[in-house]
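One structure below.
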Amino acid sequence: MKIALLLLLGLLGNVSYGQPAAPPPNIFIITIDGFRWQEVFGGADSALLHDTRFTQDTALAKMMYWAVSPQERRQKLLPFFWTVIAAKGQLQGNRAYGNEVDVANLYRMSYAGYNEMLTGTTDLRIFSNSKKWNNNLNILEKLASLPAYQGKVVAFSSWDVFPYILNQQRNQLPINSGYPSAIDSSTGQPAMLQAVQQYGVANKGATRYDLLTFVTAMDYIEQQLPKVVYLSFGEADEFAHGGRYDLYLQSAHQFDNLLQALWYKVQTTPGYANNTSFIITTDHGRGSKNPAAWQTHGPLVQGSGQVWRAALGPAFEPLGEIREPEKQYQKNLPKLVQQVAFMNGTAGMAWGR
């Protein structure tokens with residue numbers, strides 16, 4: 001199998017003839033909460049974009065995101081996805097071609113989805129989004145236990161449940177999440193941004209503004225150069241639950257812009273350039289049976305288990321949009337991350353092959 005051969009070659013390369021080992025790869029796992037595969041591969045949904053129940057200014061939204069073909073629409077919505085990732089990376093989950101990525105957990109909600117993608121388990125005990133400590137070991141703490149990554153693993157999230165999902169109580173991982181009442185010294189925060197979070201945000205809910213999460217993460221990345229970064233954005237799901245398709249699209253478009261800025265940053269930073277791979281995905285799908293179903297998700301909502309994944313960087317072959325019929329599950333993501341971590345710079349992995 002190609003992956004096995006590449007892994008073997010990478011491992012042999014590290015122990016032969018006393019040659020210096022290649023620096024361990026940097027891995028960024030980046031998620032956007034509750035963003036559907038339909039928009040990733042088809043752009044704005046006509047039924048939602050032109051419905052004033054979900055889009056307040058349909059004329060303006062149409063100017064911004066509408067086009068006749070799905071290829072044009074997705075390019076408008078996610079230009080980084082469909083220029084850089086489509087040319088240099090991989091995109092999985094376009095069900096129009098029978099290419100499917102599903103969650104394996106029964107509940108199809110956020111905590112269960114993040115547990116699945118980060119621990120590889122479908123724990124039946126995780127059936128709500130309550131702040132309960134997760135007993136399952138996650139891929140971040142597994143990597144943090146390795147000498148090559150010790151002290152170089154960090155997580156940033158807009159949703160304030162992530163310290164529980166990642167069980168910070170057990171592993172003491174540096175996690176900057178939601179609107180912290182006190183700034184964690186392990187992740188820090190610029191004084192100006194700390195003031196904005198404390199005094200400039202009137203209604204602090206469970207999900208921090210994604211832009212604040214991004215700026216906090218970028219400052220840490222510039223200063224500390226971590227090797228493994230988990231970065232989670234949450235606004236898209238919040239706007240969807242609120243019935244605001246226009247803001248859901250804007251959040252996705254902003255996510256695409258932030259990805260572009262982050263990718264440019266790592267590609268122009270020594271230590272990251274040419275040795276950093278992105279894995280990008282979502283925790284669950286959304287309803288697709290009728291326009292109103294888009295607002296929600298769960299075990300009884302059709303479409304909730306349908307997701308997508310993207311990958312970019314030297315660990316992955318530039319296959320673009322994968323149109324071959326196949327089925328992948330999010331529970332396999334930790335195994336993929338481990339494979340990337342042990343490739344030691346060997347390029348050319350095909351996801352799921």
Side-chain angles (χ1 to χ4, degrees), residues 29-38 40 92-93 95 100-142 155-171 173 175 177-178 205-208 210 213 230-242 248 255 279-289 293-310 327-338:
I29 306 169
I30 308 165
T31 59
I32 175 172
D33 199 299
F35 187 52
R36 300 191 306 177
W37 71 270
Q38 288 92 331
V40 172
Q92 259 191 335
R95 304 175 91 87
E100 301 179 0
V101 184
D102 284 352
V103 301
N105 74 82
L106 297 177
Y107 305 116
R108 300 170 182 179
M109 59 180 60
S110 290
Y111 196 138
Y114 290 119
N115 169 73
E116 178 180 339
M117 77 169 69
L118 294 171
T119 73
T121 69
T122 54
D123 192 336
L124 292 175
R125 297 169 297 178
I126 300 174
F127 55 84
S128 76
N129 290 331
S130 299
K131 292 180 176 178
K132 296 182 178 179
W133 299 108
N134 191 348
N135 291 323
N136 304 304
L137 293 176
N138 63 73
I139 187 60
L140 300 185
E141 59 190 323
K142 288 180 181 179
F156 295 87
S157 70
S158 294
W159 193 33
D160 66 3
V161 181
F162 268 95
Y164 298 87
I165 297 172
L166 296 172
N167 202 332
Q168 188 179 36
Q169 176 181 254
R170 177 181 65 225
N171 52 49
L173 283 173
I175 304 171
S177 184
T207 301
R208 171 171 56 184
D210 286 341
T213 299
Y230 177 67
L231 181 55
S232 175
F233 298 102
E235 284 185 11
D237 190 65
E238 295 289 330
F239 290 134
H241 283 301
Y248 167 86
F255 173 73
I279 297 170
I280 309 156
T281 190
T282 190
D283 55 327
H284 56 72
R286 314 198 71 81
S288 57
K289 191 173 182 180
W294 154 83
Q295 291 182 246
T296 189
H297 55 88
L300 301 179
V301 181
Q302 183 178 330
S304 298
Q306 302 171 355
V307 293
W308 53 271
R309 297 191 299 203
K327 195 178 190 71
Q328 297 288 323
Y329 287 98
Q330 286 291 62
K331 66 181 180 180
N332 296 325
L333 195 146
K335 183 177 180 180
L336 170 70
V337 173
Q338 286 182 305

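Index from 1, following the sequence. The structure presented is a predicted model; accordingly, all values stated were derived computationally and were not measured.
Tested against Leu166, the residues Asn134, Asn115, Ile139, Leu118 include a single side-chain contact (heavy atoms from CB on, under 4.5 Å) partner, Leu118.
Here the closest heavy-atom approach between residue Asn136 and residue Glu141 is recorded as O-OE2, 4.0 Å. Closest approach of Tyr107 to Leu124, counting heavy atoms only: OH-O, 2.7 Å. Here the closest heavy-atom approach between residue Phe255 and residue Ile30 is recorded as CE1-CG2, 3.8 Å. Shown here for Ser177 and Ser157, the closest heavy-atom pair between the two residues is OG-OG, 2.7 Å. Scanning all heavy atoms of the two residues, the minimum distance from Thr119 to Leu137 falls at CB-O, 3.2 Å. His284 and Ser110 get closest at one heavy-atom pair: NE2-OG, 3.4 Å.
Electrostatic pairing of Arg95 and Asp102 counts as a salt bridge here, judged by a charged N lying under 4.0 Å from a carboxylate O.
Counted within 6.0 Å of NZ on Lys331, heavy atoms from surrounding residues, nucleotides or ligands total 12 or fewer; the atom is thus considered open. Annotation: Lys327, atom NZ; neighbour count of heavy atoms from other residues, nucleotides and ligands within 6.0 Å is above 12.
With contacts defined as side-chain heavy-atom distances shorter than 4.5 Å, the pair Asn135/Arg125 qualifies. Side-chain contact between His297 and His241: present, with at least one pair of heavy atoms (C-beta onward) separated by less than 4.5 Å.
In the model, Asp33 has no side-chain atom that pairs as donor or acceptor with a side-chain atom of Ser232 under 3.5 Å. For the residue pair Thr31 and Asp283, no side-chain donor N or O sits within less than 3.5 Å of a side-chain acceptor on the partner.
Remark: the backbone N or O of Ser158 is not paired with any side-chain donor or acceptor of Arg208 at under 3.5 angstrom. Of the possible polar contacts, none joining the Arg36 side chain to the Trp308 backbone as a donor-acceptor pair under 3.5 Å is found. The backbone N or O of Glu116 sits nowhere less than 3.5 Å from a side-chain atom of Gln330 that would complete a donor-acceptor pair.
Asn138 CG to Leu173 CG: the interatomic distance, rounded to the nearest 0.5 Å, is 6.5 Å. Separating the OH atom in Tyr329 from the OG1 atom in Thr122 is a distance of 11.0 Å, to the nearest 0.5 Å. Taking CZ from Phe35 and CD1 from Ile280, the interatomic distance works out to 12.0 Å, rounded to the nearest 0.5 Å. The distance from atom NZ of Lys131 to atom CD1 of Ile165, rounded to the nearest 0.5 Å, is 10.5 Å. To the nearest 0.5 Å, atom OH of residue Tyr111 and atom CG of residue Asn129 are 9.5 Å apart. Rounding to the nearest 0.5 angstrom, the gap separating the CZ atom in Phe233 from the CD1 atom in Ile32 is 8.5 Å.
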>> Checking Lys142 against Val337 for the side chain to side chain contact (heavy atoms under 4.5 Å, CB included) test, could you report, in this order, the C-alpha distance in whole Å, the side-chain angles of both residues, the deciding distance, and whether it holds?
In response: CA-CA 11 Å; Lys142 288 180 181 179; Val337 173; over 6 Å; no
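Partners of Thr282 according to the side chain to side chain donor-acceptor pair (under 3.5 Å) rule, which considers only residues two or more places apart in sequence or in another chain, do not exist here. Annotation: side chain to side chain donor-acceptor pair (under 3.5 Å) contacts of Arg286 (sequence neighbours excluded): Asp237.
Sorted by first and then second residue, the ring pair (Phe, Tyr, Trp, His ring centres under 6.0 Å) pairs with a member in residues 113-135 read Tyr114-Phe162, Trp133-Tyr164; sequence neighbours excluded.
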